[in-house]
Number of protein chains: 2
Amino acid sequence: MGKQMTEMLKGTLEGIVLALLSVQPEYGYEITARLREMGFSDIAEGTVYALLVRVEQRGLVGVEKVPSEKGPPRKVYSLNAQGREYLEEFWRTWSFLAERLQQLHDGGR
Amino acid sequence: MGKQMTEMLKGTLEGIVLALLSVQPEYGYEITARLREMGFSDIAEGTVYALLVRVEQRGLVGVEKVPSEKGPPRKVYSLNAQGREYLEEFWRTWSFLAERLQQLHDGGR
DNA sequence: ACCGGTACATAGTAACGCAGAATAGCCGCC
DNA sequence: GGCGGCTATTCTGCGTTACTATGTACCGGT
């Protein structure tokens with residue numbers, strides 16, 4: 001992953017993960033795999049787990065421990081009301097930024 | 001400015017500034033003012049200046065000191081060939097990210 | 001017994017934007 | 001003359017985030 005992508009992900013990765021969780025509850029390993037499917041090929045597992053801990057501590061998601069047939073138990077995260085609110089705020093912020101950048105990209109101001 | 005915006009600007013602000021410089025050379029104070037016009041009302045001056053020092057040290061911009069009628073001399077920055085290349089890379093990275101987020105926003109996968 | 005896949009966790013590092021303050025030059029006004 | 005206000009740049013310390021690298025643990029197949 002380029003350095004530019006790394007820096008850009010700061011602030012957006014969290015929103016991406018919350019958006020994924022808004023569709024359906026998922027656990028860390030699964031989220032990482034899904035991100036890779038989406039093309040974020042080099043997002044480190046550790047990054048995702050750390051992020052999930054953060055959003056949990058901020059009370060944006062709920063957690064449920066579910067035993068797995070393979071390996072240790074899964075921690076399944078689901079977006080709660082506060083998380084949905086936060087996600088909406090994220091989309092507003094993103095839209096604002098995306099609009100300005102779109103303008104800049106389409107031939108200056 | 002919200003905390004989300006602060007985090008999102010990491011990595012994109014640099015691209016925004018370089019995009020501004022690709023239109024025409026400008027100096028720090030002017031860039032800050034232009035950003036505010038664009039709606040980025042709370043971007044700290046210090047942030048812009050630090051960013052300019054960074055891109056200069058990485059050889060993406062040239063600098064020319066120009067005396068001002070009012071106040072201390074201005075440091076006018078202009079995008080060079082390497083900077084243009086870097087900016088193109090930035091747009092590619094941005095487009096990639098924007099596409100995925102667009103998909104997520106338009107009702108999940 | 002071992003290896004590979006599943007699943008989570010953590011310590012240390014680097015990069016970036018922000019808050020706040022300092023510095024410096026020029027102007028107009030009381 | 002001094003003082004505040006505008007222009008313009010610089011610096012320090014701080015908080016947040018993603019990456020690297022490593023470790024732990026559980027299971028199934030061979």
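In the text below, chain A, chain B and the rest are named by the order of the sequence lines, each starting its count at 1. Only this structure's heavy atoms are used, side chains among them; waters, hydrogens and symmetry mates stay out.
DNA chain C is contacted by no residue of residues 89-99 of chain A, taking any non-hydrogen atom closer than 4.0 Å. Sorted by residue number, the members of residues 9-17 of chain A with any non-hydrogen atom under 4.0 Å from DNA chain C read A/Lys10. Within residues 51-75 of chain A, the residues having any heavy atom under 4.0 Å from DNA chain C are, by residue number, A/Ser68, A/Lys70, A/Gly71, A/Pro72, A/Pro73, A/Arg74, A/Lys75.
Taking atom CD on A/Glu26 and atom P on C/dA7, their separation rounds to 12 Å, with Å as the unit. Between the CD atom of A/Glu30 and the P atom of C/dA7 there is a distance of 8 Å, given to the nearest Å. Per the geometry, CD1 belonging to A/Ile31 stands 12 Å off P belonging to C/dA7, to the nearest Å. Atom CD of A/Glu45 is separated from atom C1' of C/dT6 by 9 Å (rounded to the nearest Å). Whole-Å rounding puts the B/Lys3 NZ to D/dG15 C1' distance at 9 Å. Between B/Glu7 atom CD and D/dA18 atom P there is a gap of 8 Å when expressed in whole angstrom units. Following rounding to the nearest Å, B/Met5 (CE) and C/dG17 (C1') show an atom-to-atom distance of 13 Å.
One finds a side-chain N or O of A/Tyr27 lying less than 4.0 angstrom from the OP1 or OP2 phosphate oxygen of C/dA7. At C/dC8, none of the side-chain N or O atoms of A/Tyr29 fall inside 4.0 Å of OP1 or OP2 (strictly under the cut-off). Residue B/Tyr49 places no side-chain N or O under 4.0 Å from the OP1 or OP2 atom of D/dT10.
When side chains are defined from C-beta on, B/Trp91 counts as touching A/Leu101, because their heavy atoms get closer than 4.5 Å. A/Val17 places none of its side-chain heavy atoms less than 4.5 Å from the side chain of A/Glu14.
For the helix from C/dA1-D/dT30 to C/dC30-D/dG1, the rotation axes defined at the first and last 5 base pairs enclose an angle of 10°, given to the nearest 10°.
The existence of a salt bridge linking B/Arg84 and B/Glu89 is excluded, since no basic side-chain nitrogen approaches an acidic carboxylate oxygen closer than 4.0 Å.
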Using atom types as modelled, flag every donor-acceptor pair under 3.5 Å from a side chain in residues 69-78 of chain B to any protein atom, sequence neighbours excluded.
from: B/Arg74; atom 1: NE; to: B/Tyr27; atom 2: OH; distance (Å): 3.2
from: B/Arg74; atom 1: NH2; to: B/Tyr27; atom 2: OH; distance (Å): 3.3

May I have the list of side-chain donor-acceptor pairs in residues 41-54 of chain A shorter than 3.5 Å, sequence neighbours left out?
from: A/Asp42; atom 1: OD2; to: A/Met1; atom 2: N; distance (Å): 2.9
from: A/Tyr49; atom 1: OH; to: A/Tyr29; atom 2: N; distance (Å): 3.4

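The cationic atom of A/Arg100 (NZ for Lys, CZ for Arg) lies less than 6.0 Å from the six-membered ring centre of A/Phe96 and within 45° of the ring axis.
Under the 3.5 Å distance criterion, the side-chain polar atoms of A/Glu7 are left unmatched by any main-chain donor or acceptor of B/Lys10.
The aromatic rings of B/Trp94 and A/Trp94 lie parallel to each other, their planes meeting at an angle below 30°, with 60° marking the opposite boundary.
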